[in-house]
J.: 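Here it is: the structure, laid out below.
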Amino acid sequence: MTHATTLTPAEIGGIARRIDRPVVLVGLMGVGKSTVGRRLAAILETDFVDADEEIERAADRTVSEIFAAHGEDYFRDGERRVIARLLEERHGVIATGGGAFVDPDTRALILEHGIAVWLDCDVETLVERTGRRDNRPLLRTGDPRAILADLKQRRGAFYAEAPIHVVTDNGPHGETVQRILEAIDAWL
């Protein structure tokens with residue numbers, strides 16, 4: 001899907017001035033939260049922060065190591081605290097881990113203090129994107145396609161609580177950023 005129009009710098013500036021809290025990208029692993037988030041922050045002339053990178057910095061361990069040593073519940077507790085801090089620090093664009101928005105307390109924090117944008121795409125695209133690196137703890141336990149399809153089905157209702165829903169595809173990231181900006185503009 002291509003857009004006939006591209007937002008002008010003046011239109012982007014107008015949207016940026018109306019954004020009064022962090023834009024928080026949620027969705028499954030592989031939808032492009034970090035990649036698209038960096039581009040979105042650059043266009044909005046604001047900062048970008050990846051919650052998983054912040055968790056790793058705070059714990060001095062990788063997400064995979066935290067999962068392996070302490071389990072998912074422990075990880076989600078730390079993730080919630082880090083996301084609360086990032087929201088409080090009012091970063092411009094925040095990319096969250098795939099499971100963050102599923103946690104009810106984390107989801108409530110994001111909905112109250114951020115602009116939640118659900119990035120979504122089909123399972124085939126997720127399989128292709130997540131297959132590029134072996135840093136996804138949840139995909140190490142079986143067939144990635146089956147796991148991703150199951151996660152998409154189980155988490156969809158939670159992600160749907162985000163007020164903004166943008167479908168990403170294999171088109172240029174710039175098009176996804178344009179769709180996000182248009183959706184935020186319509187929502188504000």
Side-chain angles (χ1 to χ4, degrees), residues 16 18-121 126 129-130 133 135-139 148 151-152 154-166 168 173 176-177 180-181 183-184 187-188:
R18 291 169 49 221
I19 294 173
D20 62 351
R21 53 196 154 155
V23 174
V24 184
L25 303 179
V26 303
L28 283 174
M29 64 184 96
V31 295
K33 297 179 301 286
S34 296
T35 306
V36 169
R38 284 183 181 86
R39 302 249 340 231
L40 178 63
I43 286 174
L44 290 172
E45 297 181 357
T46 190
D47 71 321
F48 168 82
V49 65
D50 182 299
D52 281 351
E53 290 174 7
E54 290 296 311
I55 291 163
E56 290 179 345
R57 190 174 297 119
D60 198 28
R61 304 172 103 165
T62 67
V63 168
S64 295
E65 289 169 342
I66 298 167
F67 259 79
H70 302 287
E72 187 172 359
D73 289 344
Y74 178 90
F75 173 79
R76 295 293 170 214
D77 184 54
E79 177 181 56
R80 181 180 325 105
R81 287 189 310 243
V82 168
I83 289 172
R85 175 177 55 82
L86 298 176
L87 288 164
E88 191 175 301
E89 292 171 354
R90 301 188 60 80
H91 291 279
V93 178
I94 301 169
T96 63
F101 205 65
V102 176
D103 179 271
D105 296 328
T106 303
R107 185 168 62 254
L109 275 169
I110 293 169
L111 290 171
E112 184 176 347
H113 301 289
I115 299 171
V117 178
W118 172 23
L119 298 184
D120 189 15
C121 69
L126 293 174
R129 289 179 182 168
T130 58
R133 292 189 316 237
N135 64 341
R136 316 279 185 169
L138 293 177
L139 297 184
L148 287 164
L151 287 171
K152 185 173 174 70
R154 284 190 297 121
R155 292 178 174 178
F158 300 113
Y159 294 144
E161 291 186 37
I164 299 171
H165 181 197
V166 174
T168 69
H173 294 304
T176 301
V177 169
I180 292 168
L181 289 169
I184 290 171
W187 182 77
L188 285 172

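The model shown is predicted, which means the values in this text are computed figures rather than measured ones.
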J.: So, using side-chain contact (heavy atoms from CB on, under 4.5 Å) as the criterion, who are the partners of Thr46 when residues are at least two apart?
T.: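 Residues passing side-chain contact (heavy atoms from CB on, under 4.5 Å) with Thr46: Ala41, Leu44, Val93.
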J.: Under the side-chain contact (heavy atoms from CB on, under 4.5 Å) test, which residues partner Ile43, sequence neighbours left out?
T.: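 With neighbours one apart ignored, the set is Ile12, Val177, Leu181.
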J.: So which atom in Ile110 and which in Val26 form the shortest heavy-atom distance, rounded to 0.1 Å?
T.: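 In this case the closest contact between Ile110 and Val26 is CD1-CG1, 4.5 Å.
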J.: Going by the rule ring pair (Phe, Tyr, Trp, His ring centres under 6.0 Å), which residues pair with Phe75 if we only count those two or more places apart in sequence or in a different chain?
T.: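 Expected list: Phe67.
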J.: Would you check, one step at a time, whether the test side-chain contact (heavy atoms from CB on, under 4.5 Å) holds for Asp103 with Glu79?
T.: CA-CA 10 Å; Asp103 179 271; Glu79 177 181 56; 5.6 Å; no
J.: Scan for salt bridge (Lys or Arg N to Asp or Glu O under 4.0 Å) pairs involving residues 25-53, sequence neighbours excluded, and state none if there are none.
T.: Arg38-Glu53
J.: Of all residues at least two apart in sequence or in a different chain, which pass the side-chain hydrogen bond (donor to acceptor under 3.5 Å, both in side chains) check with Thr96?
T.: none
J.: Which residues satisfy the side-chain hydrogen bond (donor to acceptor under 3.5 Å, both in side chains) test with His70, sequence neighbours excluded?
T.: Arg61
J.: Under a 4.5 Å cut-off applied to non-hydrogen side-chain atoms, are Leu87 and Val24 in contact?
T.: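 Contact flag for Leu87/Val24 side chains = yes.
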J.: Just wondering, more than 12 heavy atoms not from Asp20 lying within 6.0 Å of its CG?
T.: yes
J.: Who pairs with Pro163 by side-chain contact (heavy atoms from CB on, under 4.5 Å), at least two apart in sequence or on another chain?
T.: Leu111, Ala116, Trp187
J.: Pairs in or reaching into residues 81-101: which pass salt bridge (Lys or Arg N to Asp or Glu O under 4.0 Å), with residues at least two apart or in two chains?
T.: Glu54-Arg85, Asp77-Arg81, Arg85-Glu89
J.: Pairs in or reaching into residues 82-113: which pass ring pair (Phe, Tyr, Trp, His ring centres under 6.0 Å), with residues at least two apart or in two chains?
T.: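 Not a single pair qualifies under ring pair (Phe, Tyr, Trp, His ring centres under 6.0 Å).
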J.: Among residues at least two apart in sequence or on other chains, which ones pass ring pair (Phe, Tyr, Trp, His ring centres under 6.0 Å) with Tyr159?
T.: Trp118
